[in-house]
Amino acid sequence: MDRFVFGKLVLSAAAIGAAAYGGRQGRLPRYVALTAAAGLGLFTLSCLLSPTPVASLVGRWPRYEGLPVVLTYVGCAWAGARILGRRSRASTEAVETALAVGSVLLAAVSVLGALGWEIEGASVESRTGSVLGNATDQGLVGLMFFAVLFGSAVSRRTPLLVAGAVAGPLTVVLSGSRTALLATFVALAVHAVLSMRERPSRRVVEITGGAFLAVGVLALALPQIRDRFGEGHTITGRLLLWKESLQVGGDRWWLGAPSTFVDAVGRYRDDDWVREVGTRNPPDSPHSWPLQALVAGGVPLLLVAVGLAVLVLFLGWRVVQAEQSPLVAGLFAATVAYGVAILPNFTIAGSTCLAAFLVGCLVAEPATGREPRPLAWAAVVAAAVGVVVFATSAAAERALQDGIEQATRGDSVAADAAFERAEHLRPLDGDVAMIAAQTQAGLADGDVSGASTRAERWARKSLDRTPDTYASGLALAVAQVHDQELEDALRTLDRFVGLYPTEPGVRIQRGLARFGLRDVAGARSDLRTAHRLEPRNPVPQRLLRKIRDLTAGRQ
């Protein structure tokens with residue numbers, strides 16, 4: 001159902017294991033390792049002290065950035081440092097070749113997607129999402145490929161490196177991501193500054209300027225980005241989201257609560273959000289890495305995250321000054337550009353694992369002394385465990401998709417069996433129950449036999465893990481209204497209207513429950529509010545007309 005997380009984590013964990021099994025060339029600098037360890041400690045403590053400790057540790061749908069995923073990010077940085085610490089010719093060429101091949105393949109998939117052939121299957125994205133995530137994730141990976149390869153392609157001009165460097169901006173532009181395009185210009189600016197400071201060359205400066213012009217012309221020539229330059233609602237929505245995120249962070253400034261943002265932000269929604277953004281697709285992240293750190297771990301984790309970013313830039317700049325190599329310059333440009341790009345975006349496995357790996361490559365220092373083999377084997381075992389856990393989690397996505405497909409055929413029993421398979425594969429993930437509850441509630445709304453009972457069972461499972469989850473609360477209410485448990489439904493709905501005052505779904509269900517309890521005025525009030533919140537939804541108006549006809553008939 002969601003191909004953008006667990007498949008990437010399987011490969012990342014396998015890569016970490018391969019790096020642990022191979023010989024050690026480098027390591028993370030001591031201060032980077034200590035700062036990362038402090039951040040992991042704070043993150044774990046925040047999980048354990050959160051209102052939903054298990055869900056916080058596991059992570060929440062769809063990005064699942066709990067402790068296992070955060071550890072994988074750190075492991076990717078460790079792997080990058082381990083294989084590129086000495087900057088040997090063999091390891092340097094291996095990294096450049098791998099990135100160039102990846103860049104060419106990603107651009108090919110992006111072109112096919114733009115032409116209408118989605119290699120990964122149908123997608124709800126209006127822009128090409130490739131095989132990495134949404135369109136912005138695709139653009140960010142293309143940006144990092146380009147940033148790393150540009151200097152080496154200019155200096156060595158081998159066909160593969162040139163092809164990889166050219167493919168990067170093509171991926172960026174086809175993604176339609178304005179953030180990725182801006183970050184590409186940032187990467188070019190870093191290259192220009194470094195070329196003038198360390199390797200004064202008129203040819204390099206001219207090529208950099210030509211790349212600026214070429215990328216700009218390409219962005220204006222293709223509609224993916226050109227047509228989005230005039231769109232302002234995304235920017236307005238992001239500003240409103242950041243304001244709400246600061247309010248969430250203000251309530252948890254001392255320690256935060258990882259993976260609870262999606263359940264906490266609803267109470268801060270206001271009419272400005274509804275008017276500018278709407279009520280569809282509520283975000284599960286603040287869409288900014290500093291705010292993400294704030295809401296996950298409070299001010300302490302924010303300070304550690306900012307400190308780690310500053311430390312990486314400082315150490316990376318020292319490496320650039322000391323080595324003056326095209327690859328190092330490219331790694332520094334990619335790190336800076338990615339940091340800029342996720343100021344208004346979220347982290348996710350498809351792009352963050354690569355970014356962490358490149359950061360490790362940048363700041364790596366040569367390893368000294370003999371490596372304790374038990375530690376290396378412990379890393380191999382941990383990576384193998386990660387592969388198994390992430391692979392079974394990926395298999396659960398298949399089971400979830402099977403359940404949804406069975407539901408579209410109206411088979412509530414088969415759908416329930418598929419959801420139970422998914423639950424067995426991911427026993428600690430409460431959001432499996434959330435997805436199952438939503439699906440069965442849809443069947444109950446269509447009067448499919450037995451669906452309401454199953455919806456209520458899954459909804460209660462979900463709410464036992466995460467009591468404030470909107471989708472599960474709504475599913476429970478749908479089942480209760482369907483079964484005429486109207487008093488119970490009203491109690492459920494009163495609570496979730498308080499938690500999510502701008503969500504029309506709970507208003508509609510409360511209108512139905514109130515009418516069933518003969519509170520006609522209250523029902524009308526809820527349905528009118530639902531219509532105001534979502535004017536394009538015909539259901540509130542249809543129910544209001546039905547109430548009018550029924551009350552007129554009684555009179």
Side-chain angles (χ1 to χ4, degrees), residues 96 99-100 103 136 138-157 161-162 164-222 225-226 228-229 235 288-290 306 309-345 351 354-355 358-359 361-363:
E96 290 177 336
L99 294 175
S103 182
T136 298
Q138 170 186 321
L140 294 185
V141 174
L143 147 73
M144 288 186 280
F145 282 148
F146 169 71
V148 176
L149 295 171
F150 177 74
S152 297
V154 169
S155 63
R156 290 164 51 192
R157 288 180 287 180
L161 292 180
V162 171
V166 171
L170 180 60
T171 298
V172 171
V173 174
L174 288 175
S175 75
S177 171
R178 293 167 293 184
T179 300
L181 179 65
L182 173 62
T184 301
F185 289 136
V186 170
L188 277 170
V190 172
H191 275 291
V193 170
L194 295 181
S195 67
M196 290 185 291
R197 179 183 177 89
E198 299 168 4
R199 303 181 303 279
S201 168
R202 182 177 178 182
R203 182 176 66 86
V204 173
V205 174
E206 288 176 349
I207 292 175
T208 305
F212 262 108
L213 182 62
V215 174
V217 169
L218 186 62
L220 293 174
L222 296 177
I225 287 184
R226 183 191 64 216
R228 300 190 72 235
F229 282 138
I235 298 173
S288 176
W289 69 262
V306 172
V310 171
L311 183 60
V312 164
L313 291 177
F314 172 74
L315 294 176
W317 180 250
R318 284 207 322 186
V319 174
V320 167
Q321 288 182 311
E323 299 194 21
Q324 298 187 9
S325 103
L327 177 60
V328 168
L331 291 169
F332 185 76
T335 299
V336 172
Y338 180 76
V340 170
I342 60 171
L343 280 172
N345 285 289
S351 56
L354 174 62
L358 298 179
V359 167
C361 291
L362 172 64
V363 302

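Along the sequence shown, residues carry numbers from 1.
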Donor-acceptor contact present, side-chain [X] to main-chain [Y], <3.5 Å:
X    : Y    : value
S288 : L343 : yes
H191 : A329 : no
S103 : L99  : no

Closest non-hydrogen atom pair, [X] against [Y]:
X    : Y    : answer
E323 : V328 : OE1-CG2, 3.6 Å
S152 : V148 : OG-O, 4.4 Å
G339 : W289 : O-NE1, 3.4 Å
A187 : A333 : O-CB, 3.9 Å
T179 : A341 : CG2-O, 3.2 Å
S175 : G139 : OG-CA, 3.6 Å

V363 side chain near V319 side chain, heavy-atom distance below 4.5 Å: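 V363 does not reach V319 side chain to side chain.
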Can you tell if the side chain of F146 reaches within under 4.5 Å of the side chain of T171, non-hydrogen atoms only?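 F146 vs T171: side chains apart.
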What distance do [X] atom [atom1] and [Y] atom [atom2] have between them, rounded to the nearest 0.5 Å?
X    : Y    : atom1 : atom2 : result
T136 : N345 : OG1   : CG    : 5.0 Å
L331 : S325 : CG    : OG    : 7.5 Å
F185 : L143 : CZ    : CG    : 11.5 Å
L182 : R178 : CG    : CZ    : 11.0 Å
L327 : L161 : CG    : CG    : 10.0 Å
Q321 : F332 : CD    : CZ    : 9.0 Å

Given V172, which partner from the list V141, L140, T184 fulfils the side chain to side chain contact (heavy atoms under 4.5 Å, CB included) test? T184
Assess whether side-chain contact (heavy atoms from CB on, under 4.5 Å) is satisfied between L181 and V215, documenting all intermediate values. CA-CA 8 Å; L181 179 65; V215 174; 3.6 Å; yes
Start with the C-alpha distance between L354 and Y338, add both sets of side-chain angles, then the distance that settles side-chain contact (heavy atoms from CB on, under 4.5 Å), and finish with yes or no. CA-CA 10 Å; L354 174 62; Y338 180 76; over 6 Å; no
Give a yes or no on this: more than 12 heavy atoms of other residues, nucleotides or ligands lie within 6.0 Å of atom CZ of R156.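 Yes, enclosed.
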